Amino acid sequence: MAYSIAIDGPAGAGKSTIAKLLAEKLGYIYVDTGAMYRAMAVYFSQNHVNPEDEREINAAVINVDITIEYMDGAQQVILNGDNVTKLLRTEETGKMASKTSKYGAVRSKLVDLQRKLAKTTDVIMDGRDIGTTVLPDAFAKIYLTASSDARAQRRYDELVAKGQECDYQVIKEDIESRDYEDMHREISPLKQAEDAVLVDTSDMNIEQVVSAIEKIIEEKKAVL
Ligand code: DC
């Protein structure tokens, strides 16, 4: 049986950084489900699909084929035969993904792919609905969060370090509006699964978060 660990939480809580480090330590495969919603968004943008029109979205989803490959341990997202991994992290793609991830046709296609991946391999999967919907029987479930101030500050520091001009208040408002959209959509909204352990990283560094989650996993294993 394959083991799975679900890490859910709002944007900017550090899910992917933490999940990647844990996957390396534990020898699991890291599955970034946000990247799949972003790849779908790339298709919609490239094909001028109106994100407000569900009928257009439903028709477009039929033409989308997304698969996952690993290159030196790093997840690659293949969209209709093209590796689009490098296109996924832009602001525009993030906004399109946020608008289109609420649709049933988008979600069911990606949830199927995510479940298939977890069936055969030990995975650490991060997203918004992993513990609640995708892998309700996951071996361990973590709800990773942080205050919107802490998340905005981290994002601000990241952009400043890259030499980009940015406005703290705009970043914070963007984070809060994404939280609202993720938490209030009809299908699989972001919420803590009943059996998930809450880890608030507002006042923790990366090493502290990784060791807190390792401890949670060890405690789970101890009662197996
Ligand atoms: O985690 P991220 O920023 O890469 O996610 C991009 C978008 O996809 C985000 O707006 C929320 C959505 N998403 C989702 O609805 N369900 C998931 N399991 C993962 C991401």
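Not measured: the values here are computed from a predicted model. Both ligands and their constituent atoms are indexed starting at 1 by order of listing.
Linking ILVMFWY residues whenever their side-chain heavy atoms come closer than 4.5 Å, directly or via other members, leaves I68 and I124 in distinct clusters.
Residues passing the ring pair (Phe, Tyr, Trp, His ring centres under 6.0 Å) test with F139 are Y3, sequence neighbours excluded.
Judged as a side chain to side chain donor-acceptor pair (under 3.5 Å), the pairs with a partner in residues 191-200 (not counting sequence neighbours) are, in order, K141-D195, D200-S202.
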I'd like the atom pairs linking ligand 1 to the protein - N or O on both sides, separation under 3.5 Å - with distances to 0.1 Å.
residue	atom	partner	partner atom	Å
ligand 1	1 (O)	R128	NH1	2.9
ligand 1	1 (O)	R128	NH2	3.3
ligand 1	3 (O)	R38	NH2	2.9
ligand 1	4 (O)	R38	NE	2.7
ligand 1	4 (O)	R89	NH2	3.4
ligand 1	15 (O)	R107	NH1	2.8
ligand 1	15 (O)	R107	NH2	3.4
ligand 1	15 (O)	R185	NH1	2.9
ligand 1	15 (O)	R185	NH2	3.1
ligand 1	16 (N)	R107	NH2	3.0
ligand 1	18 (N)	T33	OG1	3.0
ligand 1	18 (N)	R128	N	3.2
ligand 1	18 (N)	D129	OD1	2.9

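Counting side-chain heavy-atom gaps under 4.5 Å among Ile, Leu, Val, Met, Phe, Trp and Tyr, the cluster of Y143 also holds M183, L190, L198.
For CD1 of I206, the number of neighbouring non-hydrogen atoms (other residues, nucleotides, ligands) closer than 6.0 Å is 12 at most.
Counting only distance, with no hydrogens or angles, the side chain of K15 and the backbone of G9 share a donor-acceptor pair below 3.5 Å.
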